[in-house]
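Residue numbers begin at 1 in each chain, while the letters A, B, ... track the order of the sequences. Given the structure is predicted, the values throughout are model-derived calculations rather than measurements. Computation of the quantities below employed the complete heavy-atom set of this structure, encompassing side-chain atoms and omitting hydrogens, waters and symmetry-equivalent molecules.
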Protein chains: 2
Amino acid sequence: MSSTPRPLDRRPVYEQVADELLELILSGQLPPGSVLPPERELSERFGVGRTTIREALRALQTKGLVVATGPTSPLCVVAADKLATDPLRDTFVYLLRLGRVPLDDLIGLRAALEGAGALQAATRDRRPDLTAARDQIAFMRAAGRDLKAFDVADIRFHLEIVRASGNEALTLVMLAVRDSLSKALLSRLEALTDPSSMLQRLIAEHEAILQAVIDGDGEAAQHLTREHLRRYYSMPSP
Amino acid sequence: MSSTPRPLDRRPVYEQVADELLELILSGQLPPGSVLPPERELSERFGVGRTTIREALRALQTKGLVVATGPTSPLCVVAADKLATDPLRDTFVYLLRLGRVPLDDLIGLRAALEGAGALQAATRDRRPDLTAARDQIAFMRAAGRDLKAFDVADIRFHLEIVRASGNEALTLVMLAVRDSLSKALLSRLEALTDPSSMLQRLIAEHEAILQAVIDGDGEAAQHLTREHLRRYYSMPSP
DNA sequence: GCTGGCCAGCTGGTCTGACTAACTCAGCCA
DNA sequence: TGGCTGAGTTAGTCAGACCAGCTGGCCAGC
């Protein structure tokens, strides 16, 4: 009776289909930006029902590898530059909300990432372009009491510093962690009754960080960044 | 005719169902480890077809929030401590294979994470327990020419150092990055014809890192870790 | 009384066929 | 020429059905 020994392909079919499609995407046979065949065609091609195809596609969609372009148009493979900070951020949110990691650890992770980014930016061979970061400090000054505008410039400044490290992976993870934190913490600044002195201090800290990076003092850049973030996230009651 | 203004719930129903289930999980109304109701019951309760329920569950499953316990048993909410290194690692794999981030950036990210972990481990208030890390160095020595055994101890050593930082988030991300790298790179050690001298050097580097952490010299611990990893990943041709 | 096997019912996995709503585009009409 | 119409295609959704594996209870045989 062992004519078909069934070498343990006990995994559900939709998983196998998802894996095959995944490999087609990762191997480039379904290049980024290309449109996937319609569900019914995939259904025929794989010899499985449309339900199964849909569940496989849903998995790929959740992973951020394929995206819907319109209500009734076929899915398409995500363009490489549009790919996936969302799943990263979501994972951090889940880890936080399910109590797998404490909030302080996420803050520490952001401090570690940005500290390392500043260090790398300050010490890399090719001097990074920091005009964008400098501009953000000017925006912070110009913001005056406009906390919203200040916050935008703040966010942008930190992004530019990490970006100056030239490490795309560092940048992406930092963004994901920051987003997950901002989902957990309401903006600290808005809790302050008289934010102006705090804003002055934040501007000064940003300036110090930028200067350290410009001076190529990686150690200082890292340390200032870490301390700056730690203070920021423990703000109203330092 | 505007009796039902349809306030723009244009998102597909399975997404809305997934969001509701997600919120039930994150809010603790479906606590970790609890069993989800059967698909047919969810179908009735939400007033949607079973197809829709299944697609929503598939999304949650892909995010790693619910897991199948058996071939025919209902899904259950993942236990907090089992949650999600996989989606994290997968994301890095996709970023890498789709060319969104270069390999060197991922290596740099791991160096940044582990460097920061070593720094934190060396400078935290409460002295960390490093006996496990020390043991791993002994195992490396005992491994002799057994590259497999050496590698296991190597992996474990790095894990213990980051774990000594006390930052769970740092540890999780580091593990995910490392796994994604090991999927991209075959073990460097196996490419060497005469690995013994290299192994000696690696052991010495591990010892130096451990010593720096024990000495509380965060800066040295960080620097040694970063350089160690950079060398390791560019190994056969330094 | 206990054990073994049988059976019914529940579950997820899968398929089929059908319908709806929205998009696309060719072709028609003004 | 330019706008409109209608057919075709598509994802989204549903209902119903069947299978395979597991669970629990029941019953016959020891």
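Atom CD in B/Glu39 sits about 11 Å away from atom C1' in C/dT14, given to the nearest Å. A straight line from CG of A/Leu75 to P of D/dT9 spans 19 Å, rounded to a whole angstrom. One interatomic measurement links the two molecules: CD of A/Glu41 to P of D/dT9, which rounds to 12 Å at whole-angstrom precision. The separation between B/Arg40 atom CZ and D/dC14 atom P is 15 Å, rounded to whole Å.
A salt bridge is defined here as a Lys NZ or Arg NE, NH1 or NH2 lying under 4.0 Å from an Asp or Glu carboxylate O, and B/Arg156 with B/Asp135 fails to meet this definition. Between B/Glu23 and A/Arg97 a salt bridge is recorded (basic side-chain N to carboxylate O distance below 4.0 Å). Using a 4.0 Å cut-off between charged nitrogen and carboxylate oxygen, B/Arg45 and B/Glu41 count as a salt-bridge pair.
Put simply, B/Tyr14 has no side-chain N or O that comes within less than 4.0 Å of OP1 or OP2 on D/dT13.
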**OP:** Before giving the answer on side-chain hydrogen bond (donor to acceptor under 3.5 Å, both in side chains), spell out for B/Tyr233 and B/Arg110 the whole-Å C-alpha distance, their side-chain angles and the decisive distance to 0.1 Å.
**Re:** CA-CA 11 Å; B/Tyr233 279 117; B/Arg110 184 185 164 188; 2.5 Å; yes
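Checking side-chain atoms of A/Thr171 against main-chain N and O of A/Asn167 turns up a donor-acceptor pair under 3.5 Å.
Because its NZ or CZ atom is both nearer than 6.0 Å to the ring centre of A/Tyr14 and within 45° of the ring axis, B/Arg58 counts as a cation-pi partner of that residue.
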Write out a two-atom table: protein N or O, nucleotide N or O from nucleotides 7-9 of chain C, distance below 3.5 Å.
none

List, with names and distances, any nitrogen or oxygen atoms from the protein found under 3.5 Å away from nitrogen or oxygen atoms belonging to nucleotides 22-24 of chain C.
| residue | atom | partner | partner atom | Å |
| --- | --- | --- | --- | --- |
| C/dC23 | O4' | A/Thr72 | OG1 | 3.2 |

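Taking CZ of B/Arg100 as the reference point, atom OG1 of B/Thr91 lies at 12.5 Å (rounded to 0.5 Å). Note that the CZ atom of A/Arg124 and the CD atom of A/Gln120 stand 8.5 Å from one another [nearest 0.5 Å].
Contacts between residues 44-68 of chain B and DNA chain C, defined by a heavy-atom separation below 4.0 Å, involve B/Arg50, B/Arg54, B/Arg58, listed by number.
Side-chain contact of B/Thr131 with B/Asp129: a donor-acceptor pair under 3.5 Å is present, judged by distance alone.
Ring geometry for A/His158 against A/His206 counts as perpendicular: the plane angle is over 60°, on a 0 to 90° scale with 30° as the lower cut.
Residues B/Leu88 and B/Leu175 have side chains not in contact (no heavy-atom distance under 4.5 Å, counting atoms from C-beta outward).
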